[in-house]
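Since the structure comes first, as structure tokens, the remarks are kept for the end.
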Amino acid sequence: DAGVIQSPRHEVTEMGQEVTLRCKPISGHNSLFWYRQTMMRGLELLIYFNNNVPIDDSGMPEDRFSAKMPNASFSTLKIQPSEPRDSAVYFCASSGSRDTFPLHFGNGTRLTVT
Amino acid sequence: QKEVEQNSGPLSVPEGAIASLNCTYSDRVSQSFFWYRQYSGKSPELIMSIYSNGDKEDGRFTAQLNKASQYVSLLIRDSQPSDSATYLCAVTASGGSYIPTFGRGTSLIVHP
């Protein structure tokens, strides 16, 4: 079991640039979550997919953020255009069932927007 | 709005002592409760889950749940410096919403 795989581990970009974060969930897991973590706000849910379908995207900050899950083994989170306030650690997590957590987290992507 | 509250700490305890971490939640229909440990610069990892009132023990860890008072706690016995981390409380509700709500975490420091 390779765990949840995220890439890149670190991303430094300039304001206004497009950023794409990638996630491969654990094979067989059908729930996928994107979280953002900052010192000020803690761990915030951005979007939740179940069986590749977005179920709850109420945490997506604004239209600059978008997420896709084209198949069961891949998801992306895109920020366009990026802003300095988007700087945070972005975690992807997956779960095997809606009824049985826990979430298995990836190692995260540390995003810095200058 | 569902809220999960934790004291941010830091909670400082000497090695060998019992560390007590607390969490309160606002949603009365919450059903599942989890404690995650997060080392600095790392991702959260599950250490305990509890679903019914009472205590659940796993090694040096004991989770305690009191649904009437809407709190869940984590006790760490014989604390070790390696237990120094941030501990996140997470709560999920029944009724179709299985999305966990996380507290902001309590920083624990175990000093030798």
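None of the values given here were measured: they were computed from a predicted structure. The analysis underlying the following values was restricted to heavy atoms, covering all of them including side chains, and did not include hydrogens, waters or symmetry mates. Below, read A as the first sequence line, B as the second, and so on, with proteins coming before strands; counting in each chain starts at 1.
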Is there a donor-acceptor pair under 3.5 Å between the side chain of Arg41(A) and the backbone N or O of Arg104(B)? no

Would you say Phe33(A) ends up clustered with Met60(A) if hydrophobic residues are merged whenever their side chains have heavy atoms under 4.5 Å apart, either directly or through other cluster members? no

Can you see which heavy atom on Phe105(A) is nearest to which on Pro44(B), and at what distance? CD1-O, 3.5 Å

I'd like to know whether CD of Glu62(A) has more than 12 heavy-atom contacts from other residues, nucleotides or ligands below 6.0 angstrom. yes

Which heavy atom in Ser43(B) sits nearest to a heavy atom in Gly106(A), and how many Å separate them? CB-O, 2.9 Å

Quick check: is Tyr87(B) connected to Tyr39(B) through a chain of hydrophobic side chains (ILVMFWY, heavy atoms under 4.5 Å apart)? no

Flag the pair Gln38(B) / Gln37(A) as yes when at least one side-chain heavy-atom distance between them is below 4.5 Å, and no otherwise. yes

Quick check for you: to the nearest 0.5 Å, what is the distance between Ser95(A) atom OG and Ile99(B) atom CD1? 11.5 Å

For Arg64(A), look at atom CZ and say whether over 12 heavy atoms of other residues, nucleotides or ligands are found less than 6.0 Å away. yes

Using the rule given for side chain to side chain contact (heavy atoms under 4.5 Å, CB included), can you reason through Leu46(B) versus Leu103(A), listing the C-alpha separation, both sets of side-chain angles and the distance that settles it, and then say yes or no? CA-CA 8 Å; Leu46(B) 180 79; Leu103(A) 305 186; over 6 Å; no

Using a cut-off of 6.0 Å, state whether more than 12 heavy atoms not belonging to Lys68(A) lie near its atom NZ. no

Within 6.0 angstrom of Asp63(A) CG, more than 12 heavy atoms from elsewhere: no

Considering only heavy atoms from C-beta outward, does the side chain of Tyr48(A) approach that of Pro100(B) to under 4.5 Å? no

